Peer 1: 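Input: one structure, supplied below.
Computed from a predicted structure; not experimentally measured.
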Amino acid sequence: MSDSDRVRAHVFVSGRVQGVYYRASTRDAARERGVDGWVKNLDDGRVEAVFEGDEDRVEAMCEWCETGSRAAEVDSVDVTMEAPEGIAGFEVRW
């Protein structure tokens, strides 16, 4: 995929999304879909994530965030599209 075909979504997820394996499940879902980026917990109780890759795959990850891990209770997902930075791989950040 060329850089011009990549998109980037910056996502903030609110609800009961910490302590419920949301980050690990996000990492696994992104890797299964071939999406690059990262995910981390925020001090205010939200989860922040960045997804880069093919537009359809990135959109699928944004939709996945609406439900997240089995134990999560998602209240809202805020997505902002940004210019891709060329991230490779997917990681959980601390």
Side-chain angles (χ1 to χ4, degrees):
M1 172 186 331
S2 72
D3 287 344
S4 63
D5 294 333
R6 289 177 69 88
V7 298
R8 175 185 173 103
H10 195 164
V11 180
F12 293 91
V13 185
S14 301
R16 190 166 73 93
V17 292
Q18 291 190 12
V20 292
Y21 300 101
Y22 196 94
R23 290 177 301 157
S25 297
T26 302
R27 177 199 60 216
D28 295 346
R31 288 179 177 173
E32 287 171 10
R33 290 165 176 79
V35 173
D36 300 314
W38 51 265
V39 61
K40 71 177 183 177
N41 285 342
L42 297 175
D43 291 340
D44 64 6
R46 295 179 300 160
V47 168
E48 179 182 16
V50 166
F51 306 120
E52 284 194 18
D54 172 79
E55 183 175 2
D56 291 339
R57 294 176 187 209
V58 169
E59 285 180 9
M61 278 307 303
C62 292
E63 290 173 15
W64 180 92
C65 287
E66 297 282 345
T67 305
S69 66
R70 292 182 184 186
E73 294 176 12
V74 176
D75 292 335
S76 68
V77 177
D78 297 316
V79 179
T80 303
M81 300 308 290
E82 301 174 344
E85 295 180 2
I87 296 172
F90 198 94
E91 66 180 6
V92 173
R93 292 188 175 175
W94 302 97

Peer 1: So, using salt bridge (Lys or Arg N to Asp or Glu O under 4.0 Å) as the criterion, who are the partners of Asp56 when residues are at least two apart?
Peer 2: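 By the salt bridge (Lys or Arg N to Asp or Glu O under 4.0 Å) rule, Asp56 matches no residue at all.
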Peer 1: Any ring pair (Phe, Tyr, Trp, His ring centres under 6.0 Å) involving residues 28-50? Give me the pairs, sequence neighbours left out, ordered by first then second residue.
Peer 2: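 Output for this query is empty, none listed.
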Peer 1: Testing the basics here: between Cys65 and Tyr22, what is the closest heavy-atom pair and its distance to 0.1 Å?
Peer 2: O-OH, 2.8 Å
Peer 1: Closest approach of Val11 and Val13, non-hydrogen atoms and distance?
Peer 2: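 In this case the closest contact between Val11 and Val13 is CG1-CG2, 3.8 Å.
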Peer 1: In chain order, what residues pass the side chain to side chain contact (heavy atoms under 4.5 Å, CB included) check against Asp44, with sequence neighbours excluded?
Peer 2: Leu42, Arg46
Peer 1: Show me, pair by pair, the donor-acceptor contacts under 3.5 angstrom made by side chains of residues 81-94, not counting sequence neighbours?
Peer 2:
from	atom 1	to	atom 2	distance (Å)
Glu82	OE1	Arg8	NE	2.9
Glu82	OE2	His10	ND1	3.0
Glu91	OE2	Arg93	NE	2.9

Peer 1: In sequence, state the C-alpha distance, the side-chain angles, and the governing distance for Thr26 and Met61, and then conclude on side chain to side chain contact (heavy atoms under 4.5 Å, CB included).
Peer 2: CA-CA 8 Å; Thr26 302; Met61 278 307 303; 4.1 Å; yes
Peer 1: Can you give me the closest heavy-atom contact between Val35 and Glu52, atom names plus distance?
Peer 2: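 Nearest pair, atom of Val35 first, then Glu52: CG1-O, 3.5 Å.
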Peer 1: Mind checking what makes side chain to side chain contact (heavy atoms under 4.5 Å, CB included) contact with Gln18, not counting sequence neighbours?
Peer 2: Asn41, Val47
Peer 1: Got a salt bridge between Asp54 and Arg33, using NZ or NE/NH1/NH2 to carboxylate O under 4.0 Å?
Peer 2: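 Looking at Asp54 and Arg33, the cut-off is not met.
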Peer 1: Show me the donor-acceptor pairs within less than 3.5 Å that the side chains of residues 68-76 make with the rest of the protein, sequence neighbours left out.
Peer 2:
from	atom 1	to	atom 2	distance (Å)
Ser69	OG	Val20	O	2.6

Peer 1: Considering only heavy atoms from C-beta outward, does the side chain of Thr80 approach that of Phe12 to under 4.5 Å?
Peer 2: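 Of all side-chain heavy-atom pairs linking Phe12 with Thr80, none is under 4.5 Å.
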Peer 1: Restricting to non-hydrogen atoms, name the atom on Val58 and the atom on Gly53 that form the minimum distance, rounded to 0.1 Å.
Peer 2: CG2-N, 3.4 Å
Peer 1: Is the count of non-hydrogen atoms from other residues, nucleotides or ligands lying under 6.0 Å from Tyr21 atom OH greater than 12?
Peer 2: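 No, OH of Tyr21 has 12 or fewer neighbouring heavy atoms, counting only those of other groups under 6.0 Å.
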